[in-house]
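All remarks here apply to the structure that follows.
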Amino acid sequence: LRGLVAEISQVALPAITYDSQAPLAGVGLVMSVGAWATTNLDHLTAEFDQGVDPQQLDSGNAADGIKEFDYGEASPTFTLSGRKIALATYDPYADHLARTTRAIAVTYGSVAFNRLKFNVTNAYADQVRNSASQGFANWDVTYRLTDFTLQSD
């Protein structure tokens, strides 16, 4: 190959801009599981697992070839590790044995358009374990979710 290389001229870099929106702070979290609420729910960790990765569903009828993304059959769980409170206030062992369902509500962040809300109408304690952290007794509870909404606003 043969050709001419044109003289390269200097070009100033465009101004670099950054998104000023801060990530959600993991403090001041509002959470409740039945009577185990923010005032007495001193949680250490909380994890939501939808149980399956979303799948792309293709379609020849769609303009871009993608009909939607869907979860298919899922088995979602919510695992919570928190300081133990008086059993008279909340007893996850009794919930586990009786298959009592509880509502779970979590609001992560407090500023509109930078907030995540997680709500479960019916969750039951599938596994309850004791653990310890910093010399205090904790519960590690895994809840099975029969329905949930995950909302970002």
Checklist line | Gap between atom CG of D49 and atom OG of S75 - 0.5 Å precision | finding: 8.5 Å

Notebook entry, point to check: Can S133 and L44 be said to form a side chain to side chain contact (heavy atoms under 4.5 Å, CB included), step by step?
Noted result: CA-CA 9 Å; S133 173; L44 305 170; 3.9 Å; yes

Next item on the list: Show the numbers, then the answer: is there a side chain to side chain contact (heavy atoms under 4.5 Å, CB included) between I85 and W139?
Entry: CA-CA 9 Å; I85 61 171; W139 287 322; 3.8 Å; yes

Notebook entry, point to check: Is K67 paired with D58 through a side-chain N to carboxylate O contact shorter than 4.0 Å?
Noted result: no

Indicate if [X] and [Y] have the same hydrophobic cluster label, given that clusters are the connected sets of ILVMFWY residues with side-chain heavy-atom separations under 4.5 angstrom.
{"X": "L150", "Y": "Y143", "result": "yes"}
{"X": "I104", "Y": "L116", "result": "yes"}
{"X": "L87", "Y": "L97", "result": "no"}

Please tabulate, one pair per line, all N/O donor-acceptor pairs under 3.5 Å involving side-chain atoms of residues 120-132, not counting sequence neighbours.
residue	atom	partner	partner atom	Å
T121	OG1	D147	OD1	3.3
N122	ND2	D147	OD2	3.4
D126	OD2	R144	NE	3.2
Q127	OE1	R129	NH1	2.8
N130	OD1	Y93	OH	2.5
N130	ND2	Y93	OH	3.1
S131	OG	D140	OD1	3.4
S131	OG	D140	OD2	3.2

Note to self: Test of understanding: with side chain to side chain donor-acceptor pair (under 3.5 Å), list the residues that count as partners of R83, not counting sequence neighbours.
What the structure shows: Q134, N138

Margin query: Test your reading of the model: is there a side-chain donor-acceptor pair from S59 to the backbone of N61, 3.5 Å cut-off?
Written below: yes

Note to self: With salt bridge (charged side-chain N to carboxylate O under 4.0 Å, His left out) as the rule and sequence neighbours excluded, what pairs involving residues 84-94 come up?
What the structure shows: none

Note to self: Give me the atom names and distance for the closest heavy-atom approach of Y90 to W36.
What the structure shows: CE2-CE3, 3.5 Å

Item checked: Atom of P92, atom of V141 and distance for their closest heavy-atom approach -> CB-CG2, 4.1 Å

Next item on the list: Begin with the C-alpha distance, continue with both residues' side-chain angles, and end with the deciding distance and a verdict on side chain to side chain contact (heavy atoms under 4.5 Å, CB included) for F48 and L145.
Entry: CA-CA 10 Å; F48 166 68; L145 313 179; 3.7 Å; yes

Close side-chain approach of [X] to [Y], heavy-atom, < 4.5 Å:
{"X": "L80", "Y": "E47", "value": "no"}
{"X": "T101", "Y": "R99", "value": "no"}
{"X": "D70", "Y": "Q55", "value": "no"}

Check: Is the F78 to F148 ring centre distance short of 6.0 Å?
Finding: no

Item checked: Member of V106, T149, T107 meeting the side-chain contact (heavy atoms from CB on, under 4.5 Å) criterion with F118 -> V106

